[in-house]
Amino acid sequence: TLLKVYTIDSYDSDEIDDGLSAIQLPDGRVKLWIHVADATRWIDSNSILRKEASNRCTSIYLPTETIPMFPMELARDLMSFRQGVISPAVSVSVILSSDGSIAESTVENSMIQPTYRLSYEAANELLSLQIEEEVELSLLLKAANLRNEWRRSNGALDVFKLSTHVRVAGAGSSEPEISLSLEEHMSPSARLVSEMMILCGEVISTFGGQRGVSLPYRGHAQNEQVKREVESLLEGQARSVALIRSMHRAEMNFLKPIQHSSLGLSGYVQFTSPIRRYIDLLAHYQVKAVIRGENPPFSSGHLELATERVKIISKFAKKLQFDSERYWMLEYLRQQPRERQFRAVVLRFQKASDAVVLLVEVGIQGLVGLNGKARAGEEVLVQVQDAHPRKGVLSLRAI
């Protein structure tokens, strides 16, 4: 509880399941901690709550409501990290080598007391101010940048996604109040958090692999020719969307780590969201048992069956979330003045003249006729001619 701990998440997130710490060692190296909420402290592996979580598989975030994997009273209060409240955690500590690779790592139970609850925007502001009292946050960013360089040197894809958080008040009224919050994944705080979560996944994979623990090890193959073609696009959203579209499906192994080429890692396990992702929760049960010197509760066969079930339910959950967000984005556009102009990035061409574009102030994709006015990766200005939420129609005109 003596470490300064930052939790960084969306401003309206209720399920806070990871925190970060850092110190500078006397030899100049940085020691990092990724603290993950210890949800299994409260939920026995044979409990009804664990089985209900297996039915839900994931928390679903809709513009009008959140459908949590666990009852919100547990997820928000007992399980989540709260500023100033001492909480149980599984803490992954890492000392980085000068090139960004892992020199030393440990996985252990801990008790932490989060110091700050920050939104991504607040963390970005603190980082830009470079306040001396918050040197630990700057150390985390420095380590994240070093890790990103190391992973890219190992072939990792650098994908910058634009995420839109849509929130709706008065959904049943004739003029609902719609707010959009865009998070650019290349922002300093977003990159910091992403790199620390990936680092944690690498450590857990190594931890499990060295001890022969059955875990949901994730892997990913790359098509090098496709990667080279995509990377010829202008850097930004067009390249990122093309890279995501070109990716093969993730591979899974439940006995040993496998290569995750897209992340530039020799092994990876999702571990940092046990409150909102069921597979992460299962990984916690396995790892915690090993820490206690016990046999893990679940076999590789059980993990495989659970993962297949999660894939099916998660696919439904993602479609529900996508459709709901698109509906309210279209309603937002319907409410805007017709003369308003929007910046749009050209993602790709479907025909010689029709381009798929991303409205960067909204985060929605649509078709627009360009007739050779721009190429993939460039920005154009568009106006909304028609937005029909119930029909899913978005008609755009290039300026």
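Residue indices begin at 1 and follow the sequence shown.
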Distance-only polar pair, side chains of E251 and Y217, donor-acceptor under 3.5 Å: no
Value rounded to 0.5 Å, distance of CE in M79 from CG in L74: 5.0 Å
SB check R276 D9 (cutoff 4.0 Å): yes
Residues D12 and S10: side-chain donor-acceptor under 3.5 angstrom: no
Flag for D18-T272: side-chain donor and acceptor within less than 3.5 Å: no
Side chain proximity check, I313 to R56, heavy atoms < 4.5 angstrom: no
I364 with V380, same ILVMFWY side-chain cluster at under 4.5 Å: yes
Within-4.5 Å side-chain heavy-atom neighbours: Y61 and Q321: yes
Side chains of R117 and Y11, donor plus acceptor under 3.5 Å: no
salt_bridge(E104, K31) N-O dist < 4.0 Å: no
For Y268, all residues meeting ring pair (Phe, Tyr, Trp, His ring centres under 6.0 Å), sequence neighbours excluded: H260
Interatomic distance, M197 atom CE to I34 atom CD1 [nearest 0.5 angstrom]: 6.5 Å
Distance-only donor-acceptor check, side chains R218 and N253, under 3.5 Å: no
Any side-chain donor near an acceptor of the partner, E325 and T164, under 3.5 Å: no
L215/V287 under side-chain contact (heavy atoms from CB on, under 4.5 Å): CA gap, chis, key distance, verdict: CA-CA 8 Å; L215 286 170; V287 168; 4.1 Å; yes
T58 and S314 side chains, donor-acceptor separation under 3.5 Å: no
CZ-CD distance between R151 and E202, expressed to the nearest 0.5 angstrom: 9.0 Å
Donor-acceptor side-chain pairing of H220 and S262 below 3.5 angstrom: yes
Within residues 279-288 or reaching into it, pairs that qualify as side chain to side chain donor-acceptor pair (under 3.5 Å) - sequence neighbours excluded: D38-K288, N109-K288, R277-D280
NZ or CZ of R211 within 45° of F207 ring axis and under 6.0 Å: yes
CA sep, side-chain torsions, deciding dist, call: R167, E177, salt bridge (charged side-chain N to carboxylate O under 4.0 Å, His left out): CA-CA 8 Å; R167 291 294 176 264; E177 186 177 326; over 6 Å; no
